[in-house]
2 protein chains.
Amino acid sequence: MSIAIENFVKAIYNNNSHDARDTKPGNIAKKLGISSAAATDMAKKLATKDLLHYEKYQELQLTDKGRKMAINIVRKHRLWEAFLFKMFDMSLHDIHKEAELLEHQTSDLLAEKISEYLGHPKFDPHGDPIPNANGEITTTDTSIPLSNAEENKTYIISRLTSDDKEFFEFCAKQKLKYGHEIKVSKQFKNNKMTELSVENNTILLNEDFTTLIYVNEIN
Amino acid sequence: MSIAIENFVKAIYNNNSHDARDTKPGNIAKKLGISSAAATDMAKKLATKDLLHYEKYQELQLTDKGRKMAINIVRKHRLWEAFLFKMFDMSLHDIHKEAELLEHQTSDLLAEKISEYLGHPKFDPHGDPIPNANGEITTTDTSIPLSNAEENKTYIISRLTSDDKEFFEFCAKQKLKYGHEIKVSKQFKNNKMTELSVENNTILLNEDFTTLIYVNEIN
DNA sequence: ATTAATTTTTAAGTTAACTTAAAAAGTTTT
DNA sequence: AAAACTTTTTAAGTTAACTTAAAAATTAAT
Ligand SMILES: [Mn+2]
Ligand SMILES: [Mn+2]
Ligand SMILES: [Mn+2]
Ligand SMILES: [Mn+2]
């Protein structure tokens, strides 16, 4: 399967497993940076390969075969992220970019070697779950977006769901990293802003960021 | 530059730096597993990109730009080989296959991180030199093929120049590895065979293998 | 319920990287 | 120096992955 096909299938998978937003060709096209005409063509082609169900004007839905394929790529992506993060001093954004390419050129054998070396990690450095070699995700995600966090409660950052460079640079600078502890001091409901403290610093985030940062409450 | 272009330029580079054999489209085509018509087309195209000089029926010659590009890919290939060899228990042949793909999806930044992690190694696990980030190869190779080695002299294996799976399996089993010591006991000139000892075992190799194994004399 | 706006699909065309088959040129043998 | 053989080139055609622009369908607004 070509890189174009792999990216297409992965985009569908990420789209409706993550946000559950609309999974029509136009939206997938936007994520991949191609025209929606190209996405429609590709969808039709992949339907003949039994990777997805296609019906005119309807949402695209992966078949079991398509989902399996997507998960395999996602697994390789997240393993590479975890591996590069551990081995080298590189920004999350750079790591993501490398993984975006390496994921397509990695044998199952090498993926397994990487997983083994890392002790079969369950999460990548963004906090996203890493499927096992059988395509299963055994962890359950109970985290909520920071925008929904409650005042005066303490949380652990569990996911950073973006691939924007500036976002990650900001997060790195402010110590907003996977696994770090934060305390929400105030939710400004009207302005949709959140005040919180990280390592004795108080920062104020707007909704653009608080919907990308997911947290788990500490009890 | 596409993967097809990168592999083409690399094939030319490897061809006339290694064996100095004929570098016409047909021969390159054979190495890449494409038709010679395709190779001729590609050669013409790359000439317009100033990556090589093309003249009908003549040998293909890389320009400085083309050579630079080839060396950059070779560097990434060999760094990946050295890195995977160090990190994981994988056969040389498998490592080579992974590197053949990863070399095209590796940023200069990541290549440098790998090189740094390994302490800027000068050789890959086949004994081939790793160009530095400026494309320079500072080591000089004084090794000779085992077929030319002299009787009753002791050598260190410095290169295994093949990508055949069976060859590497055989070498691995017989401890014919990069850096290992061997002693040549007899050269059968007529039969073009070489008798040698490795770790107290005596083995007899024919020309198919002794031209692929390069050695340096121990003084 | 029309009309307007948005999205998806179809249609037609492009480019890169191939293929096979025939023609042309180069090389080797007699 | 022909003839025979081999290799390279040209020519024509295919496929995957795109594009733009128009047509068709869906969705939203009045
Ligand atoms: Mn990708
Ligand atoms: Mn990730
Ligand atoms: Mn390659
Ligand atoms: Mn090598």
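Reminder, nothing fancy here: chain letters follow the sequence lines and each chain counts from 1.
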Trainee: What is the distance, rounded to the nearest whole Å, between atom CE of B/Met1 and atom P of C/dA16?
Mentor: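 These atoms are roughly 11 Å apart.
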
Trainee: Run the numbers on B/Leu212 and B/Asp208 for side-chain contact (heavy atoms from CB on, under 4.5 Å), then give the verdict.
Mentor: CA-CA 7 Å; B/Leu212 300 177; B/Asp208 292 338; over 6 Å; no

Trainee: State, yes or no, whether a side-chain contact exists between B/Ile137 and B/Pro129 at a heavy-atom distance under 4.5 Å.
Mentor: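 In short, these two side chains touch, coming nearer than 4.5 Å.
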
Trainee: Detail all sub-3.5 Å separations between protein N/O atoms and N/O atoms belonging to nucleotides 22-27 of chain C.
Mentor:
{"from": "C/dA25", "atom 1": "O4'", "to": "B/Tyr57", "atom 2": "OH", "distance (Å)": "2.9"}

Trainee: Just checking A/Ala37: base, sugar-phosphate only, or nothing, at a heavy-atom cut-off of under 4.0 Å?
Mentor: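 Since a base atom lies under 4.0 Å of A/Ala37, the category is base.
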
Trainee: Answer with yes or no whether the side chains of A/His120 and A/Glu116 bring together a donor and an acceptor at under 3.5 Å.
Mentor: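 The answer is no; no qualifying pair exists.
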
Trainee: Between B/Lys186 and B/Phe188, is NZ or CZ placed under 6.0 angstrom from the six-membered ring centre and within 45° of the ring axis?
Mentor: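 So B/Lys186 does make the cation-pi contact.
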
Trainee: Out of C/dT9, D/dT9, C/dT19, which nucleotide sits closest to the side chain of B/Thr40?
Mentor: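 Within the option list, the nearest is D/dT9.
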
Trainee: Separation of A/Met42 atom CE from D/dT15 atom P, in whole Å?
Mentor: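 Those two atoms, CE and P, are 16 Å apart.
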
Trainee: Whole angstrom is fine here: how far is it from CG in B/Asp41 over to P in C/dT20?
Mentor: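 Atom-to-atom, B/Asp41 to C/dT20, this comes out as 14 Å.
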
Trainee: Write down the distance between CD1 (A/Ile3) and C1' (D/dC18), rounded to a whole number of angstrom.
Mentor: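 It is 15 Å, rounded to the nearest whole Å.
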
Trainee: Would you mind reading off the distance between B/Asn27 atom CG and D/dT8 atom P, rounded to a whole angstrom?
Mentor: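 Rounding to the nearest Å, CG of B/Asn27 and P of D/dT8 are 8 Å apart.
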
Trainee: Main chain of A/Asp89, side chain of B/Lys113: is a donor-acceptor contact present, judged purely on distance under 3.5 Å?
Mentor: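 Looks like yes, one N/O pair under 3.5 Å.
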
Trainee: If you look at every strand shown and take non-hydrogen atoms under 4.0 Å, does A/Phe8 touch a base, only sugar-phosphate, or nothing?
Mentor: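 Here A/Phe8 touches no strand at all.
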
Trainee: Give B/Ala4 one of three labels, base, sugar-phosphate or nothing, depending on what nucleic acid heavy atoms sit under 4.0 Å from its own.
Mentor: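 Counting heavy atoms under 4.0 Å across all strands, the contact made by B/Ala4 is with sugar-phosphate only.
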
Trainee: Between D/dT8, C/dT9, C/dT10, which one does the side chain of A/Lys44 approach most closely?
Mentor: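 Shortest atom-to-atom distance from the side chain points to C/dT10.
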
Trainee: Round to a whole Å and report the spacing from CD of B/Glu6 to P of C/dA16.
Mentor: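 Taking atom P of C/dA16 as the reference, CD of B/Glu6 is at 16 Å.
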
Trainee: Using atom CD1 of B/Ile34 as one end and atom C1' of D/dT8 as the other, report the distance to the nearest whole Å.
Mentor: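 In whole Å, D/dT8 C1' lies 14 Å from B/Ile34 CD1.
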
Trainee: Can you tell me the distance, in whole Å, between the CD1 atom of B/Ile5 and the P atom of C/dA16?
Mentor: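 Rounded to the whole Å, the gap is 8 Å.
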
